Amino acid sequence: MRVAALAGGVGGAKLASGLEAALPDGGLSVIVNTADDFELWGLHISPDLDTVMYTLAGIANPETGWGIKDETFDSLGMLGEYGEDTWFLLGDRDIATHVLRTERLKKGESLTAVTGGLSKALGIPSRVLPMSDERVSTMLDTPYGRLEFQEYFVRRGQRDEVLGVELRGIENSRPTGEVLEALSGAAAIVFCPSNPVVSIGPILAVPGMRDALADSSAPKVAVSPIIGGKALKGPADRMLSSLGHESAAAGVARMYAGLVDGMVIDRADEGERAGIEALGMRVLVTDAVMRDEADRARLAYEVLGFAEEISGSSGRSG
Ligand code: GDP
Ligand code: CA
């Protein structure tokens with residue numbers, strides 16, 4: 001069975017690793033947000049691709065969910081000694097990823113090819129696919145002014161209210177051939193529990209992506225990143241509210257209405273079932289919190305079972 005998953009960083013990577021464990025080697029393609037990519041000291045940094053790669057390679061820092069475990073930060077310390085502002089944490093081993101990515105991009109390789117090479121070297125059996133090879137940059141409007149995504153997220157610690165989102169360059173982006181192939185060949189498509197606005201949002205905004213999803217007859221299921229009205233980590237809940245969405249599993253479902261056939265929600269949100277079903281979606285209520293590896297695999301099995309159930313049931317539209 002071939003599965004395509006849409007993912008951002010930490011939340012997405014957790015379910016992706018569960019899906020990888022639940023599927024035969026090579027069965028999973030992860031389509032990853034690249035709209036928070038940016039440059040620092042000449043290095044091309046792809047935070048969400050790195051989080052997914054490190055997680056699938058089993059080298060992610062389990063405390064943060066991002067970065068590499070047992071990292072050292074000597075290079076960053078030296079940059080600080082030179083007087084540089086070291087607000088974005090880059091570990092010594094992590095820097096090697098960015099050095100190679102930057103060099104290979106400069107030589108003309110696509111981000112898809114570069115990511116494929118790095119993933120292979122890390123022994124990842126799944127395909128880790130940037131949503132697009134073109135550069136897209138998330139810009140956020142806040143009361144403090146317009147902020148680049150990492151300025152908002154890391155430098156200012158997500159403290160600003162997000163009043164608007166611009167995906168700079170999105171109109172010139174397109175899904176890669178690898179992404180289109182992953183979607184058309186998938187027996188199930190999973191929207192991981194990633195931020196619907198700044199992780200899944202940019203993927204869906206790539207021109208042609210929604211059509212590619214609509215063209216696929218595979219069952220599509222989303223796992224809510226919002227549990228009990230709250231994000232488990234990060235600003236997704238506040239972002240949903242300030243942008244006029246509902247910070248609830250049902251609010252996420254509304255954003256995905258017409259795109260997904262089923263929504264996986266936590267037991268804490270059982271009360272939202274009827275409201276989500278009224279959107280024309282099937283609902284699976286389960287424990288949607290992934291505390292450890294066993295949780296990730298268990299949730300992945302449940303998500304795949306749910307997708308199978310949807311594709312097997314009659315009366316499914318599209
Ligand atoms: P980022 O790019 O690193 O910010 O990561 P994502 O966008 O992929 O994920 C952020 C979202 O993951 C947050 O909204 C969290 O609520 C969600 N999340 C993190 N861990 C879990 C989990 O165990 N279960 C669920 N359902 N959501 C999670
Ligand atoms: Ca991200």
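Being a predicted model, the structure only gives us computed values, none of them experimental. Atoms within a ligand are numbered from 1 in the order they appear, just like the ligands themselves.
- Note: Phe153 and Phe149 have parallel aromatic rings, judged against thresholds of 30 and 60 degrees for the angle between ring planes.
- Here's the thing with Lys230: none of its N/O atoms is less than 3.5 angstrom from an N/O atom of ligand 1.
- Atom 9 (O) of ligand 1 has its closest protein heavy atom at Gly11 N, 3.1 Å.
- Annotation: Ala288 places an N or O atom under 3.5 Å from an N or O atom of ligand 1; distance criterion only.
- A salt bridge does not link Lys233 with Asp237: every distance from a Lys NZ or Arg NE/NH1/NH2 to an Asp or Glu carboxylate oxygen is 4.0 Å or more.
- Ranking protein heavy atoms by distance to atom 14 (O) of ligand 1, first place goes to Ala236 CB, 3.4 Å.
- Using a non-hydrogen distance threshold of 4.0 Å, Ser224 registers as a contact of ligand 1.
- Those atoms of ligand 1 that come under 4.0 Å of a heavy atom in Val289, given as number and element, are 23 (O), 24 (N).
- Inclusion of Ala231 in the set of residues having an N or O under 3.5 Å from an N or O of ligand 1 is not warranted.
- The N/O atoms of Ile226, backbone and side chain alike, include none that comes under 3.5 Å of an N/O atom in ligand 1.
- In terms of distance to the Ca ion (ligand 2), the nearest N, O or S atom of Asp36 is named OD2.
- Between Thr51 and ligand 1 there is no heavy-atom distance shorter than 4.0 Å.
- Seen from the ring of Phe306, Arg282 does not count as a face-on cation partner, given the 6.0 Å and 45° thresholds.
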